[in-house]
There are 2 protein chains.
Amino acid sequence: MSDHCLHLQAIARVISPYREKFGIPRQAGLVEAACGWLEMAPEFARPEAFEGLEGFERIWVIFGFHACEGRYRLRVRPPRLGGNREVGVFASRSPFRPNNLGLSLLGLEGIEHADGRLRLRVSGVDLLHDTPVYDIKPYLPYADAHPGAASGFAAQPPSPVLAVHFGEMAEVVLRERPALRELIAQTLALDPRPAYRKGRDRRRYGMRIEGFDVRWRVEGDHAEVETIVPVGLDDAPGLSASD
Amino acid sequence: MSDHCLHLQAIARVISPYREKFGIPRQAGLVEAACGWLEMAPEFARPEAFEGLEGFERIWVIFGFHACEGRYRLRVRPPRLGGNREVGVFASRSPFRPNNLGLSLLGLEGIEHADGRLRLRVSGVDLLHDTPVYDIKPYLPYADAHPGAASGFAAQPPSPVLAVHFGEMAEVVLRERPALRELIAQTLALDPRPAYRKGRDRRRYGMRIEGFDVRWRVEGDHAEVETIVPVGLDDAPGLSASD
């Protein structure tokens, strides 16, 4: 049975504010302010392939955890469980799984077609920049929505746990960038530190969001953003052009 | 970008009552009585890989539409729209899509491990027998359930439209098979005929469910099941043994 293999070709790639793994929200939709694009490969940059999709509010994206490709574990330690209790990989959404396939439900904010390119504007992104996309499907509430389904150790969404303060140097950069401020605030509020670090922890963390290097640390119950430094030209001109 | 390819290996195969494409419900969960198994490949028949999954009521299955492999269309005619209006393939769940990947939300009824085999008992199956499975993930209502999401032309579930009557010869076979009766009744109630056939239609239809060939026709507002004939040994001994 396991001799049935399938060869997948990326139909799109993700243009995401998250330029490195650290800090990415642990499920889609947790950070609504995380907006990006699905940039279709030239072969699929055809408006007729999307006709009717504009009537749907959310879309499923099947993608590859390309930064974990070829690696899997049978048991994982979900951050939900404090990072010290193991569960089976198939009871988790861990990227370290056979076939490294991911599934995210994103908000569909718009479909743009110009100059032979076709891009979907999406929100609630939990995807690394440049992630390869293998399928896009409409969300069908009558088949997909089961709000009351029992869900073991993941019954409640992770709540924002940190208040986020911006220091003076950070404020200078954010002054004319309200969307970036909101994105950083929502992302850090979820406390992206590894579970085993939570508690007393004086270290400085850095994460790359869009074209910025964000430096922060945790003080008691809040995250203090110290600096936000532009790190050269963005490699996703499409994003900066319309954001 | 489209040069990013992924090579998938089946981690399981589906043991389904649906032995041919005709008659399969058009989404998962429409026929709750459609029960089957996900039979894990030997490499993944390891209980530790499933620990914690028993607390989840539903699971996502990412699979391959293996009977349509390598074929896609940019525009499709969903049965929802009567089979005569086209939409883009990405606005549909059609199997004729790039990469031929499918996504189904199934009920998880149990996990069995014995003699080195591991199988998940699933309900609400909309999968062809022998379908290759590439991933299994827990359903997380906080991320996956959006009952109010706008969903264009697929806002309502397809309703059962036919009453189902069993003729005398069918009744003989069903006498001690209440589960099979329920499965056939729920499946035919949704009217699996091609959309363009609906209306006046005197032809006889046949479909294979489990080890039976089911023959029926439509009379006005009901389906009349004329014969149910066993068709030799079932090639899924696991199913018949526990069903």
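Proteins get letters first, then strands, A, B, ... in listed order; numbering begins at 1 in each. All values reported here derive from a predicted model rather than from experimental measurement.
The pair B:R93-A:D144 meets the salt-bridge criterion, with a side-chain N (NZ, NE, NH1 or NH2) lying under 4.0 Å from an Asp/Glu carboxylate O.
Using a 4.5 Å cut-off between heavy atoms, A:P98 touches chain B through backbone and side chain atoms alike. For A:E48, the parts sitting under 4.5 Å from any heavy atom of chain B are the backbone and the side chain alike. Heavy atoms closer than 4.5 Å to chain B are found in both the backbone and the side chain of A:I136. Using a 4.5 Å cut-off between heavy atoms, A:L103 touches chain B through backbone and side chain atoms alike. Only the side chain of A:E69 has a heavy atom closer than 4.5 Å to any heavy atom of chain B.
Taking the side chain as every heavy atom from C-beta outward, A:S151 and B:E57 never approach each other to under 4.5 Å. Taking 4.5 Å as the limit, every side-chain heavy atom of B:P147 sits out of range of all side-chain heavy atoms of A:Y142.
The choice from A:P138, A:A155, A:S104 that makes the most heavy-atom pairs within less than 4.5 Å of chain B is A:P138. For the set B:P141, B:A28, B:G70, the count of heavy-atom pairs under 4.5 angstrom toward chain A peaks at B:P141. Among B:R73, B:H7, B:K137, B:Q27, the residue making the largest number of heavy-atom pairs under 4.5 Å with chain A is B:K137. Comparing B:V89, B:V133, B:D126, B:L108 by heavy-atom pairs within less than 4.5 Å of chain A, the highest count is held by B:V89. Chain A forms the most heavy-atom pairs under 4.5 Å with one residue out of B:G29, B:G148, B:P132, B:G124, and that residue is B:P132. Interface remark: of the candidates A:L6, A:V87, A:V76, A:L6 forms the most heavy-atom pairs closer than 4.5 Å to chain B. Chosen from B:L8, B:L53, B:L105, B:L74, the residue pairing most often with chain A at heavy-atom distances under 4.5 Å is B:L8. Interface check for chain A: of the options B:R97, B:R46, B:E86, the most heavy-atom pairs under 4.5 Å are formed by B:R97.
Annotation for B:A91 and A:G52: closest pair CB-C, 3.7 Å, computed over non-hydrogen atoms. The heavy-atom pair separating A:A154 from B:L140 by the smallest distance is CB-CD2, 3.7 Å.
Counting only residues at least two apart or on different chains, the ring-ring contact (aromatic ring centres under 6.0 Å, His included) pairs with a member in residues 78-115 of chain A are A:F90-B:F50.
Here the options are B:D135, B:L101, B:N99, the test is side-chain contact (heavy atoms from CB on, under 4.5 Å), and the partner is A:I62; only B:L101 passes.
Between atom CD of residue A:E51 and atom OG of residue B:S92 there is a gap of 12.0 Å, rounded to the nearest 0.5 Å.
Taking the six-membered ring where tryptophan is involved, the planes of B:F153 and A:F56 are perpendicular, since the angle between them exceeds 60° and thus also 30°.
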Go through the steps to decide whether B:F44 and A:Y72 satisfy the test ring pair (Phe, Tyr, Trp, His ring centres under 6.0 Å), and finish with yes or no.
CA-CA 11 Å; B:F44 304 106; A:Y72 76 87; 5.7 Å; yes

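Counting only distance, with no hydrogens or angles, the side chain of A:Y139 and the backbone of B:H146 share a donor-acceptor pair below 3.5 Å. Between the side chain of A:R58 and the main chain of B:A149, no donor-acceptor pair closer than 3.5 Å is present.
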